[in-house]
Undergrad: 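Here it is, the structure, as C-alpha cells.
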Amino acid sequence: MPTDYIRNGVLYVTENYLCFESSKSGSSKRNKVIKLTDITDIQKYKVLSVLPGSGMGIAVSTPSTQKPLVFGAMVHRDEAFETIFNQYIKITSAASTSES
C-alpha cells in the first residue's frame, strides 16, 4: 500500500482533531490537522518489519488524501492508536446520535 510517511514530530489528539507538528525546522508544510470525523480508516502500521519500534506507525486515511498518511517511528504506537481510536469512536458516536 503506497503511503505518505511522516515522522520526526509530535502527534496530538484533541477532542475533535488529530494534529501532527513537525520537529524539523522549516518544515511547516509537514504539519497536519485532521478532523476526527473526516477519518475514513485508521490502522496500526508496520513499515519495516525488521526494525522493532522504529518501523511502527499509525496509518490514517481521509477523503482528501490520495494515499494513507503514516505517522511513523512511534515508540508508544499501541497507546497512541488506542487514544486516537477511542476519541474517534466517541466523536463519531456523538455526531451520529445528534443527527438522529
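Excluded from the calculations below are hydrogen atoms, water molecules and symmetry mates; all remaining heavy atoms, backbone and side chain alike, are included.
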Undergrad: May I have the step-by-step check of side-chain contact (heavy atoms from CB on, under 4.5 Å) for Tyr17 and Leu36, ending in yes or no?
TA: CA-CA 5 Å; Tyr17 293 93; Leu36 291 174; 5.6 Å; no
Undergrad: Just by distance, do the side chain of Thr65 and the backbone of Pro68 share a donor-acceptor pair under 3.5 Å?
TA: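 No, the answer is negative, given that no donor and acceptor are paired below the 3.5 Å cut-off.
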Undergrad: With heavy-atom distances below 4.5 Å as the criterion, would you say the side chains of Val33 and Phe20 are in contact?
TA: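 Counting from C-beta outward, Val33 and Phe20 never come under 4.5 Å.
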Undergrad: Run the salt bridge (charged side-chain N to carboxylate O under 4.0 Å, His left out) test against Asp78 and tell me which residues pass, sequence neighbours left out.
TA: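 Counting only residues at least two positions away or on another chain, Asp78 forms a salt bridge (charged side-chain N to carboxylate O under 4.0 Å, His left out) with Lys44.
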Undergrad: Check whether Ile34 and Ile91 end up in the same hydrophobic cluster, where Ile, Leu, Val, Met, Phe, Trp and Tyr are linked by side-chain heavy atoms less than 4.5 Å apart.
TA: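 They do share one cluster, since a chain of ILVMFWY contacts under 4.5 Å joins Ile34 to Ile91.
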Undergrad: So for atom CD, which belongs to Glu15, do other residues, nucleotides or ligands contribute more than 12 heavy atoms lying within a distance under 6.0 Å?
TA: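 Open: at most 12 neighbouring heavy atoms sit under 6.0 Å from CD of Glu15.
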Undergrad: Measuring from atom OG1 of Thr62 to atom NZ of Lys32, what distance do you get when rounded to the nearest 0.5 angstrom?
TA: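 Going from the OG1 atom of Thr62 to the NZ atom of Lys32 covers 9.5 Å.
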Undergrad: Look up atom OH in Tyr88 and atom NZ in Lys35, then write down how far apart they are to the nearest 0.5 Å.
TA: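 Those atoms lie 13.0 Å apart.
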Undergrad: Before giving the answer on side-chain contact (heavy atoms from CB on, under 4.5 Å), spell out for Met74 and Leu11 the whole-Å C-alpha distance, their side-chain angles and the decisive distance to 0.1 Å.
TA: CA-CA 10 Å; Met74 300 181 81; Leu11 193 60; 3.8 Å; yes
Undergrad: Just so I know, are the side chains of Ile58 and Val70 near enough to count as touching, which here means a heavy-atom distance under 4.5 Å?
TA: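 Side-chain contact under 4.5 Å: no.
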Undergrad: One pair to check against side-chain contact (heavy atoms from CB on, under 4.5 Å): Asn16 and Thr37. What are the steps and the verdict?
TA: CA-CA 8 Å; Asn16 297 298; Thr37 54; over 6 Å; no
Undergrad: Under 3.5 Å, side chain of Ser93 to main-chain N/O of Lys90, donor-acceptor pair present?
TA: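 Flag not set: sc Ser93 to bb Lys90 has no pair under 3.5 Å.
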Undergrad: When rounded to the nearest 0.5 angstrom, what distance separates OG1 in Thr83 from NE2 in His76?
TA: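 NE2 of His76 is found 11.5 Å from OG1 of Thr83.
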Undergrad: Please check if Leu69 and Tyr12 belong to a single hydrophobic cluster, counting links between Ile, Leu, Val, Met, Phe, Trp and Tyr side chain heavy atoms closer than 4.5 Å.
TA: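 The answer is no; the residues belong to distinct hydrophobic clusters.
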Undergrad: State, to 0.1 Å, how close Pro63 and Asp38 come at their nearest heavy-atom pair, and which atoms those are.
TA: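 What the structure gives for the nearest pair is CD-O, 3.0 Å.
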Undergrad: Whether the side chain of Asp41 engages the backbone of Ser61 through a donor-acceptor N/O pair (distance < 3.5 Å, no angle test) should be reported.
TA: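 Answer holds: no.
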Undergrad: Hey, is the main chain of Tyr45 close enough, under 3.5 Å, to the side chain of Arg77 for a donor-acceptor pair?
TA: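 Looks like yes, one N/O pair under 3.5 Å.
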